[in-house]
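So the structure is just underneath, and the comments pick up after that.
Just so you know, these numbers use all the heavy atoms, side chains as well, and skip hydrogens, waters and symmetry mates.
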Amino acid sequence: MLYCAHQIRTKAKGNTDTDYTDILLDTPWIGFNFEPGQSWSEIKEMMNTTVLPDGSKVKDYWDNPKFPFRVFKSHFAPPVQPVTKYRKV
């Protein structure tokens, strides 16, 4: 499903070898806690400030300026989607 969403956002003109590098980088799972007890604000901070060992920024993967919109993975049902509560995602 994430691959299909990626094809939609690139209008099937993207290069999956270079555009779609890692599922958790390109399409973050916003409800996934990397550490027990981690809050959304901590996850958001990590998504915006983490620098990978190769010097690239995590934000440059999921907020890639080449894509017209961002895609996030979620297992939340519609009434509890954090996007409705945290509009500035």
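Contact between Val71 and Pro28 at its shortest, heavy atoms only, is O-CD, 3.6 Å. In terms of heavy-atom proximity, Ser56 sits nearest to Asp54 at OG-OD1, 2.6 Å.
Taking hydrophobic clusters as Ile, Leu, Val, Met, Phe, Trp and Tyr residues chained together by side-chain heavy-atom distances below 4.5 Å, Phe72 shares a cluster with Trp40.
To the nearest 0.5 Å, the span separating CD1 on Ile8 from CZ on Phe69 amounts to 6.5 Å. Atom-to-atom distance recorded for Glu42:CD and Asn33:CG is 9.0 Å, nearest 0.5 angstrom. With values rounded to the nearest 0.5 angstrom, Leu52 atom CG is found 11.5 Å from Lys57 atom NZ. Separation of atoms CD (Glu45) and OG (Ser39) is listed at 10.0 Å; rounding is to 0.5 Å. Distance CG/Asn48 to CD1/Ile43: 12.0 Å, rounded to 0.5 Å.
Judged by a 6.0 Å distance limit and a 45° cone about the ring axis, Arg9 is positioned over the six-membered ring of Phe67.
With hydrogens and angles disregarded, a donor-acceptor distance shorter than 3.5 Å links the side chain of Thr50 to the backbone of Met46. A donor-acceptor pair is defined here as one N or O able to donate and one able to accept, closer than 3.5 Å; such a pair exists between the side chain of Trp62 and the backbone of Met47.
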